[in-house]
Amino acid sequence: HGTDTVDLTSAFLNEHVKDKTIVFTGAMVPMSIEKVEATMNFSLALGFLSASASHGIYLAMHGVVVEHSKLKKDKSVGKFLIQE
């Protein structure tokens with residue numbers, strides 16, 4: 001998913017889809033430029049889905065998987081930051 005709008009999609013699904021576990025992933029750098037981050041995030045998402053996660057909407061990016069509303073993209077530092 002595009003990282004500039006994944007917050008909008010995840011918030012929409014959180015309101016309309018219940019009893020499912022959904023994990024979005026993306027990368028700060030497009031896969032066509034650098035494959036490492038996108039591949040790592042995709043693998044992280046697959047691993048998370050293999051575990052027994054609670055139903056909800058999650059984001060798997062920048063080495064973490066968190067509930068969708070807690071991960072924010074900070075373009076100024078080129079990272080995703082967890083917000084409590």
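Any value given below was found using the heavy atoms of this structure, including those in side chains, with hydrogens, waters and symmetry copies removed.
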**Request:** Answer with yes or no whether the hydrophobic clustering places I57 together with I82; edges join I, L, V, M, F, W, Y residues whose side-chain heavy atoms lie under 4.5 Å apart.
**Result:** yes
**Item:** Nearest atoms (heavy-atom pairs only) where H1 meets F24
**Value:** CD2-CE2, 3.7 Å
**Request:** Would you give the length of the straight line joining atom CG of L13 to atom CG of L8, rounded to the nearest 0.5 angstrom?
**Result:** 11.0 Å
**Request:** Locate the shortest heavy-atom distance separating A60 from T25; write the atom from each residue and the value.
**Result:** O-OG1, 2.7 Å
**Message:** For L59 versus H68, what's the shortest heavy-atom pair and its separation?
**Reply:** CD1-O, 3.7 Å
**Request:** Check whether L44 and F48 end up in the same hydrophobic cluster, where Ile, Leu, Val, Met, Phe, Trp and Tyr are linked by side-chain heavy atoms less than 4.5 Å apart.
**Result:** yes
**Request:** Identify whether V66 and M40 are in the same connected component of the hydrophobic contact network (ILVMFWY, side-chain heavy atoms under 4.5 Å).
**Result:** no
**Message:** Other residues, nucleotides and ligands only: do more than 12 of their heavy atoms fall within 6.0 Å of NZ on K18?
**Reply:** yes
**Main-chain N/O of H62 paired to N41 side chain as donor or acceptor, under 3.5 Å** = yes
**Prompt:** So does K70 have more than 12 non-hydrogen atoms from other groups sitting under 6.0 Å from NZ?
**Reply:** no
**Request:** State plainly whether the residues K73 and D7 are in salt-bridge range, i.e. N to O under 4.0 Å.
**Result:** no
**Prompt:** Applying the 4.5 Å side-chain criterion to the ILVMFWY set and letting contacts propagate, would V6 and L71 be lumped into a single cluster?
**Reply:** yes
**Asked** When rounded to the nearest 0.5 angstrom, what is the spacing between CZ in F12 and OG1 in T5?
**Response** 13.5 Å
**Request:** Answer yes if V64 and F42 sit in the same cluster of Ile, Leu, Val, Met, Phe, Trp and Tyr residues linked by side chain heavy atoms under 4.5 Å apart, and no otherwise.
**Result:** no
